[in-house]
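Computed from heavy atoms alone, side chains included, the values below leave out hydrogens, waters and symmetry copies. Bear in mind that the values here come from a model prediction, so they are computed numbers and not experimental data.
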Amino acid sequence: MEIITIILAVAGLGVGYGASTVISKKKSGSAEEAGKKELAKAKKEADKIVEEAKTKAQEIAEEARRSEQDRRKEVKGLENRLLQREESIDKKLEDLDKRSEKLRKNESELDQLKNDIKDIRVRQQDKLEKIAKLGKAEAAEKLMAMTERDIKEDLVGLVVKLQNEAKEEAEDQAAVIITSAMERMSSEVTAERTVTSLKLADEEMKGRIIGKEGRNIQALQKATGVDIMVDDTPGYIVLSSFDPIRREVARQAIEMLMKDGRIHPAKIEETVIKAQANVEKDVIRAGEDAAREVGIAGIPKPVLQLLGELRYRTSYGQNVLKHSTEMAHIAGLIAEEVGADVKTTKYAALVHDLGKALTHKMEGKHHHISGEMLRKYGAPEAVAHAAEAHHDDVEATTVEAIIVRVVDAISASRPGARNISAENFVERMRDLENVATGFEGIEKAYAISAGREIRVFVRPERIDDLSAIKLARDIATKIESSMQYPGTIKVNVIRETRAVEFAK
């Protein structure tokens, strides 16, 4: 029984092994078949990709060949054009050589012809001198005298006509420009001064300002650098200094001391420092306000400070800062009319008198100092030149500089702009007349229109019409070189001939 069981078991194992072998073979066959299919499929796709790549490569190669052919055509065309141009240049050079050779021959012929003409002229001149029995210089002198007699009247008339036409055109155009610039401009006038007066509340305050044994007033004078006079005018104290900034500091300091009531040397020093700080702020504010009013931005701060100091300066009764702002407005209007740089012109007009804030500290003329300071602090060179050239000793090389010079004369010479004493006025009129009477042939001269015109009467038997024209120019030149004056002076030379006879 056990043997049968064993046999059955062995038979079962054999059957199972055979079945598993059959199943394994079937599975491996299916996998192999699937792999072959995949391999065939992949090979087919690879063949397709290779075919597409070959096609694309052929297209690229074909396109490259076409591009190469096009480039070769372009290069060949360029070579042909270069060859043609080279041939053309060679031909032109050859033509130029021929023309140069021809010109050299013509020059030689011309030189020979000139020499022949000179010889002919010399022979003619010798014959004429023998015939006329006159030398060359004598003949030229007689010819000039005859010509002068013939055309003198015509020449005088032509000169007068041209002068009148030029004056009419220039005056009309200048009148339009200047009138349009000045029609809205006006400014107040202040008296020139070197002293400032302060009113006192009572006489007791004067004693407190003086202090015991004069200690307070000595401390004030030492701290401010200003002379303080307390006994000249009852109820007032007078501050005297050529530096207007110092006077303003002293004025504010004394006003603050009187308001506070405590006046002693220590308090005086503290108050003067405060007053100096206030004045510095006022100076900067005045400069900024002037620049803002004129419409100029970007002015360096040191220039603004010097500009603000002009608020406390006067020149012949004009406040210098107001004179400068007035000039800037007029200059801007004229610059627009004549096509100049408006900003440069207004900037230069505003700062042209900058040196007047430093004339008590630096040597030199104020316009030279103005140009130096503007260059030092980085202002544009065009502005520095226009400001420096507003007086005649520096040549104005730009339109803007000429405009600044013109508007300076306009602002300074307008009626009421400046206060001039009667003594100075009479002296200037006398000097003007003396300049004119210093020439030969002058009968009398009169300065009229407040010195803006001088009328010169000449002796008709000694000065003819042409000489009168030259004399007017010479007198004007002498006035420009020897006198200082605002604006312009008209020189009017009058020549008249009077015939007088008596009927008896």
**Q** Would you say CD of E52 has more than 12 non-hydrogen atoms from neighbouring residues, nucleotides or ligands within 6.0 angstrom?
**A** yes
**Q** Please find the pair of heavy atoms, one from A335 and one from T345, that lie closest to each other, and give the distance.
**A** CB-OG1, 3.8 Å
**Q** Which atoms form the tightest heavy-atom contact between Y377 and P300, and what is the distance?
**A**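 Looking at all heavy atoms of both residues, the shortest contact is O-CG, 3.3 Å.
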**Q** Working to the nearest 0.5 Å, report the span between CG of L110 and CG of N115.
**A** 11.0 Å
**Q** Ignoring hydrogens and geometry, is there a side-chain-to-backbone donor-acceptor pair from T477 to R473 under 3.5 Å?
**A** yes
**Q** Answer yes or no: is there an ion pair linking R65 with E62, defined by an N-O contact shorter than 4.0 Å?
**A**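 Salt bridge flag = yes for E62 with R65.
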**Q** Who passes side-chain contact (heavy atoms from CB on, under 4.5 Å) against E248, sequence neighbours left out?
**A** R251, Q252, V279, Y312
**Q** Give a yes or no on whether the backbone of R311 and the side-chain of N319 come within a donor-acceptor separation of less than 3.5 Å.
**A** yes
**Q** Start with the C-alpha gap between K43 and L39, add the side-chain angles, then the distance that decides, and say whether side-chain contact (heavy atoms from CB on, under 4.5 Å) holds.
**A** CA-CA 6 Å; K43 186 177 181 181; L39 182 60; 5.5 Å; no
**Q** Ring-plane angle category for H366 and H390, please: parallel below 30°, perpendicular beyond 60°, tilted otherwise.
**A** tilted
**Q** Looking only at non-hydrogen atoms, find the nearest pair between T344 and V383 and report the distance.
**A** CG2-CG2, 4.0 Å
**Q** Kindly determine whether L350 and T325 satisfy side-chain contact (heavy atoms from CB on, under 4.5 Å), including the steps that lead there.
**A** CA-CA 6 Å; L350 181 64; T325 54; 3.8 Å; yes
**Q** Okay, side chain of H385, backbone of T397: is any donor-acceptor separation there less than 3.5 Å?
**A** yes
**Q** Under 4.0 Å between a Lys/Arg side-chain N and an Asp/Glu carboxylate O for E45 and K48?
**A** no
**Q** Any idea which heavy atoms bring L432 and A447 closest together, and the distance?
**A** CD2-CB, 3.9 Å
**Q** Check whether any side-chain N or O of R495 sits under 3.5 Å from a backbone N or O of I463 as a donor-acceptor pair, and report yes or no.
**A** yes
**Q** Checking side chain to side chain contact (heavy atoms under 4.5 Å, CB included) between V283 and each of I245, L310, L306, which is the one that passes?
**A**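 One option only clears the test, and that one is I245.
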**Q** So does E63 have more than 12 non-hydrogen atoms from other groups sitting under 6.0 Å from CD?
**A**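 Not buried by this count: 12 neighbours or fewer within 6.0 Å.
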**Q** Any chance you could measure E109, atom CD, to D116, atom CG, to the nearest 0.5 Å?
**A**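 One gets 11.5 Å once the value is rounded to the nearest 0.5 Å.
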**Q** Flag the pair D289 and R292 as a salt bridge only when some basic side-chain nitrogen lies within less than 4.0 angstrom of an acidic carboxylate oxygen.
**A**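 Yes.
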**Q** What heavy-atom pair brings A349 and V404 nearest, and what distance separates the two atoms?
**A** N-CG2, 4.0 Å
**Q** Just grab all the salt bridge (charged side-chain N to carboxylate O under 4.0 Å, His left out) pairs involving residues 276-287, residues at least two apart or on different chains.
**A**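 The answer is D282-R285.
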**Q** Checking side-chain polar atoms at under 3.5 Å, does S467 have a donor or acceptor matched by the opposite partner on D464?
**A**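 Their side chains do contain a donor-acceptor pair, which is all the 3.5 Å distance test asks for.
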**Q** Does H391 offer a backbone N or O that forms a donor-acceptor pair with the side chain of R405 under 3.5 Å?
**A**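 Indeed, once roles are kept as given, a pair shorter than 3.5 Å links the two residues.
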**Q** Which atom names give the shortest non-hydrogen contact between L307 and G287, and what distance separates them?
**A** CD2-O, 3.9 Å
**Q** Kindly determine whether R72 and E68 satisfy salt bridge (Lys or Arg N to Asp or Glu O under 4.0 Å), including the steps that lead there.
**A** CA-CA 6 Å; R72 287 181 179 178; E68 181 66 21; 3.3 Å; yes
**Q** V394 and H368: side-chain contact (heavy atoms from CB on, under 4.5 Å), yes or no, with the steps?
**A** CA-CA 9 Å; V394 177; H368 294 170; 3.6 Å; yes
**Q** So, taking the atom named OG in S67 and the one named CD1 in I60, what distance separates them when rounded to the nearest 0.5 Å?
**A**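 The distance works out to 11.5 Å.
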**Q** Below 4.0 angstrom, N of the basic side chain to O of the carboxylate: do E326 and K322 qualify?
**A** no
**Q** When rounded to the nearest 0.5 angstrom, what distance separates NZ in K346 from CG in L333?
**A**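 Reported to 0.5 Å precision, the distance equals 7.5 Å.
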**Q** Given the rule in the side-chain contact (heavy atoms from CB on, under 4.5 Å) test, do K343 and I296 qualify, once you have shown the distances and angles that lead to the verdict?
**A** CA-CA 7 Å; K343 182 179 179 181; I296 301 297; 4.1 Å; yes
